[in-house]
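Reviewing the structure listed below.
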Amino acid sequence: MISRFFNPVDTRFGWGSLDQLASLTEHQRVALVTFPEARALGLVDRIQALLGERLVHVIEDVQPNPDVAHLRRTYEQFWQQAGECDTVIAVGGGSAIDTAKALIVGTERGSFDELLALLASGKAFLPARCKRLIAAPTTAGTGSEVTPWATIWDTEQQKKYSLHLDCTWPSVALIDPELMVTVPMGVTVSTGLDALSHALEAIWNHNANPISDTFAVSAIEDILECLPKLQHNLDSRELRSRMALAALKAGMAFSNTKTALAHSISYEMTLRHGLPHGIACSFTLPLVLGLAWGQDAERDRILQRVFGSDLNQAQAWLRTFLHSLSVKTEFADYGVSAEQAQTLLNDAIKGARGQNFIGSASALR
Ligand SMILES: [Fe+2]
């Protein structure tokens, strides 16, 4: 059996690595995509100082879970006002990076509805034009800086679109833990749990292989050890760095496997119940662990390296871990009845990400 791992992102990790933006953008015109608080944190000024006149356009009103209603205006303004730029720099969490991925994909006329129609077709397409993307995450969790995927939401229509093209792989990922030191506790926990979910989803996945497993297991070990400590010591450079690296490893793992059932469940929990992504994709991890266990001897072996050989103990341990981070682990805790949860689970298994899950066939039997 030949395993293959592919990731084309030029990945740079380390304290202060954001400064490399200057050398990475020489002789280019640059647009910055970032979150509303970035200016108050001094980030916009810092990037302006690094780039000088190269910085020709700034978008700083990125919303959590980029929604078509807001993205339409941003997209069309971007292509009207910054269509000549060479590179887009995304500085922020998953929402900023996903927004930037949508922006860099240029349609024939620069209209957002053209892009939406292409996404709605569900087929791969060749964009009329595409910008270079540099991604610098400010949270330890998303992994979007080393994957080609972006999620675009349509809350009014209660659906989501998945963007994935060859050109939506970032050219460069700058993982600078210094950008993460000001992240408050709630976001630190939810994004850290997103990374945990990415790593576990990469293991209970039809697309897993020994290379993705290596990244995933290492990420899980780090997150289980670091995240509980970090929530009580948010200023720790060491813990911020370790979580940043763990989230990167989880990102590398699922960049080759995609996500699975826990994420498929999460989309509905975010759309209908407004849960932040990191909570929506992690509160079911003990449940999904139980559904994965016993499906495949090789996958069991990897899971047991992390959790030991007793499923009940493993699930109980994972629940306790989540509770220690103030995350509730039952559907009922989020106002979802047992009957609704079963329907949601069945639908999630049938979804594209659900079909990556190793237990999908037996769960539907
Ligand atoms: Fe995620």
Side-chain angles (χ1 to χ4, degrees), residues 7 9 35 62-67 90 92-102 135 137-153 160-164 168-170 173 175 180 183 186-205 207-208 212 215-216 219-220 222-224 227 243-244 246-271 273-289 292 318 322 325 327 348 351-357:
N7 192 303
V9 183
F35 54 106
V62 163
Q63 306 292 308
N65 302 329
D67 192 284
S95 299
I97 301 174
D98 282 13
T99 296
K101 284 178 181 171
T138 56
T139 58
T142 169
S144 187
E145 69 279 7
V146 289
T147 79
W149 308 301
T151 302
I152 296 164
W153 303 83
K160 73 167 192 66
Y161 299 94
S162 198
L163 172 64
H164 171 202
T168 51
W169 283 101
I175 296 100
M180 302 167 191
V183 178
V187 178
T188 299
V189 167
S190 67
T191 52
L193 290 175
D194 186 22
L196 177 64
S197 184
H198 294 156
L200 282 165
E201 298 255 89
I203 294 175
W204 52 53
N205 197 304
N207 304 316
S212 57
F215 283 116
I220 294 166
D222 284 350
I223 295 164
L224 295 183
L227 196 52
M243 272 304 295
L248 170 62
K249 286 186 279 195
M252 294 298 260
F254 92 104
S255 75
N256 274 241
T257 62
K258 300 183 182 169
T259 53
L261 182 56
H263 273 69
S264 193
I265 294 168
S266 81
Y267 300 131
E268 193 71 3
M269 294 302 290
T270 295
L271 271 175
H273 301 276
L275 281 192
H277 177 67
I279 305 301
C281 71
S282 63
F283 83 95
T284 57
L285 290 176
L287 168 77
V288 179
L289 177 66
L318 196 48
L322 289 162
L325 297 167
V327 174
R353 298 296 188 248
Q355 288 296 297
N356 295 332
F357 178 58

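Read the numbers this way: they start at 1 and go in the same order the structure lists the ligands and their atoms. Every heavy atom of this structure was used, including side-chain atoms; hydrogens, water molecules and symmetry mates were not.
Residue Cys281 does not count as close to the Fe ion (ligand 1), with no N, O or S atom under 2.8 Å.
Taking 4.5 Å as the limit, every side-chain heavy atom of Phe215 sits out of range of all side-chain heavy atoms of Asn256.
Atom-to-atom distance recorded for Thr284:OG1 and Ile265:CD1 is 4.0 Å, nearest 0.5 angstrom. Interatomic distance, Thr191 OG1 to Leu227 CG, rounded to the nearest 0.5 Å: 8.0 Å. Atom CG of Leu163 is separated from atom OG1 of Thr168 by 5.0 Å, given to the nearest 0.5 angstrom.
His198 contributes atom NE2 as its closest N/O/S atom to the Fe ion (ligand 1).
Put simply, the angle at the Fe ion (ligand 1) from OD1 in Asp194 to NE2 in His277 is close to 90°, to the nearest 10°.
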